[in-house]
Amino acid sequence: MKSEKNIRIALLGFGPVNRSFAEILADKGEGLYQRYGVRLMVTAAVDSTGGALDVEGLDPGRLVKAKGFGSVAGYPGKGQTGLQGLDALARSEADIVLEATTVSMQDGEPGMSHVRTALSLGKHVVLANKGPLVRAYQALQSLAQDHQVSIKFSATLGGSLPTYNIGVRDLAGCTIERVDAILNGTSHYILSSMNTGVTYEEALVEAQRLEIAERDPTLDVEGWDAANKLVILANSILNVPATLDDIERIGITHLKPSDLPLTMLGTAIRNDDGGYSLAVRPERLPEDHPLAALPPLSMGIVFHTDLVGPLAMTVNERGPKPTAAAMLRDVLEIAVGSRR
Ligand code: HSE
């Protein structure tokens with residue numbers, strides 16, 4: 001870290017999640033400083049058309065305002081149309097890079113290059129973007145280790161649900177026999193709405209209005225987003241080097257009202273050999289299942305273990321701010337560690 005008190009942050013991507021992160025800093029930055037003794041300074045912010053850069057710190061409220069007019073490149077005096085993530089990253093003097101660009105299922109870009117470059121430059125990385133982790137979880141962990149920096153991604157496992165911390169820290173010593181998870185808010189919202197008679201199309205439009213759907217909602221409704229999360233969960237919590245090819249995936253677009261009620265569920269079931277069978281598909285949950293009555297804008301997970309459980313967690317999320325809060329907890333863990 002550059003200094004004990006100032007933590008410089010680069011925001012790569014300024015969609016709903018990093019924009020919400022900036023809103024949180026605008027609202028609570030001073031309070032966080034009082035509470036944790038670290039000043040979280042945004043020194044770069046980049047969206048798809050440009051960026052803003054100032055190693056002395058940008059005003060997060062002004063970034064949000066500039067974005068409201070189209071792009072952070074409109075930031076007064078410090079904005080640059082055409083500024084790219086890698087360039088901003090190199091010039092930002094950032095200690096921590098927050099990667100929240102759009103998920104790419106093709107090549108993981110631009111997130112992959114952002115993450116690799118940041119780690120190689122000795123910067124910590126906090127991800128909301130699942131793409132790079134899904135494509136190269138093990139390689140990115142090795143790169144982080146080689147450069148003695150952290151790569152954190154608790155926001156990729158169901159918004160603000162503390163899936164990672166519970167799975168890795170609090171279930172230490174347990175064998176996880178089975179995981180049931182509703183980790184894609186959009187498909188859960190759509191199916192919950194359809195279960196009450198709303199049409200698929202109406203529910204999808206509302207999920208988009210609430211900014212929980214991906215820019216390309218196919219990722220949500222065809223199960224890719226849930227499958228991505230399951231890959232990251234498998235690698236990080238179950239300790240199996242799973243890829244998307246290991247996941248049975250069925251989306252929700254083919255469903256008819258007569259098929260309902262159904263829930264879009266991700267499951268990991270431990271096999272006798274210690275491996276896991278992984279699936280994402282619409283399922284009918286028994287009435288007494290801990291996730292059976294999960295409200296429409298919620299996500300949830302149940303860990304079944306040998307020593308503890310079933311341990312169930314749910315969260316009711318409206319919009320992207322809770323995911324930004326998950327990035328904040330990762331940032332604070334890096335910046336403050338156990339002093340929290
Ligand atoms: N589109 C995702 C969801 C949010 O609906 O849960 C980001 O993971």
Side-chain angles (χ1 to χ4, degrees), residues 12-21 98-105 108 111 126-135 137 152-164 179-194 198 200-236 244 247 249-253 262-266 280-282 291 294-301 313-330:
L12 301 188
F14 210 81
V17 175
N18 268 349
R19 189 201 67 218
S20 291
F21 186 88
L98 270 59
E99 221 297 332
T101 56
T102 305
V103 175
S104 158
M105 295 297 292
V126 171
L127 286 129
N129 178 1
K130 293 164 280 288
L133 294 166
V134 170
R135 295 185 71 81
Y137 182 88
K152 294 197 172 286
F153 48 88
S154 78
T156 67
L157 288 168
S160 65
L161 274 179
T163 309
Y164 179 81
V179 181
D180 295 330
I182 296 174
L183 293 179
N184 179 257
T186 301
S187 56
H188 181 63
Y189 179 76
I190 291 174
L191 285 186
S192 302
S193 303
M194 288 173 71
V198 176
Y200 171 90
E201 289 76 17
E202 287 166 343
L204 175 57
V205 166
E206 181 61 6
Q208 289 174 314
R209 191 190 69 76
L210 290 166
E211 297 187 310
I212 55 174
E214 298 294 315
R215 186 178 293 179
D216 171 7
T218 322
L219 297 183
D220 297 300
V221 295
E222 295 294 359
W224 289 112
D225 177 70
N228 285 344
K229 288 165 176 163
L230 205 52
V231 167
I232 299 170
L233 187 153
N235 278 273
S236 62
L244 281 175
I247 300 198
R249 180 188 51 81
I250 301 174
I252 62 169
T253 50
L262 290 169
T263 300
M264 186 64 158
L265 197 71
V280 171
R281 59 189 166 215
L291 301 179
L294 198 67
L297 285 171
S298 296
M299 290 180 285
I301 187 161
M313 291 173 284
T314 65
V315 68
N316 187 255
E317 293 197 354
R318 286 167 193 278
K321 195 158 276 183
T323 300
M327 297 185 92
L328 176 62
R329 76 182 165 215
D330 286 349

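Start at 1 with the first residue, then count along the sequence. Note that ligands are numbered from 1 as they come in the structure, with each ligand's atoms numbered from 1 the same way. Values in this document were obtained by computation on a predicted structure and should not be read as measured data.
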Identify the protein heavy atom lying closest to atom 7 (C) of ligand 1, giving its residue, its atom name and the separation to 0.1 Å. Glu214 OE2, 3.1 Å

Output all residues satisfying side-chain hydrogen bond (donor to acceptor under 3.5 Å, both in side chains) with Thr163, sequence neighbours left out; order by chain, then residue number. none

Quick note on ligand 1: atoms under 4.0 Å from a heavy atom of Gly185 include exactly 3 (C), 5 (O), 6 (O)

What protein heavy atom sits nearest atom 5 (O) of ligand 1, and how far off is it? Thr186 OG1, 2.6 Å

Spatial distance of atom OG1 (Thr156) from atom CG (Leu161) [nearest 0.5 Å]: 11.5 Å

Which pair of non-hydrogen atoms, one from Val280 and one from Ala226, has the smallest distance, and what is that distance? CG1-CB, 3.7 Å

Test item, His188 contacting ligand 1 (heavy atom, 4.0 angstrom): no

Mind checking whether Asn184 contacts ligand 1 via backbone (N, CA, C, O), side chain (CB onward), both or neither, at a 4.0 Å heavy-atom cut-off? both

Taking the side chain as everything from C-beta on, heavy atoms only, tell me whether Leu12 gets closer than 4.5 Å to Leu98. no

Quick one: closest heavy-atom pair of Leu183 and Gly300, and the distance? CD2-O, 4.3 Å

Specify side chain, backbone, both or neither for Thr323, according to which of its non-hydrogen atoms lie closer than 4.0 Å to ligand 1. neither

protein heavy-atom neighbour closest to atom 4 (C) of ligand 1 works out as Ile212 O, 3.4 Å

Do Asp220 and Ser187 have side-chain atoms, one donor and one acceptor, less than 3.5 Å apart? no

Contact atoms of ligand 1, heavy-atom distance to Lys130 under 4.0 Å: 7 (C), 8 (O)

Is there a donor in the side chain of Ser160 and an acceptor in the side chain of Glu317, or the other way round, less than 3.5 Å apart? yes

Quick note on ligand 1: atoms under 4.0 Å from a heavy atom of Asp220 include exactly 1 (N), 2 (C), 3 (C), 5 (O)

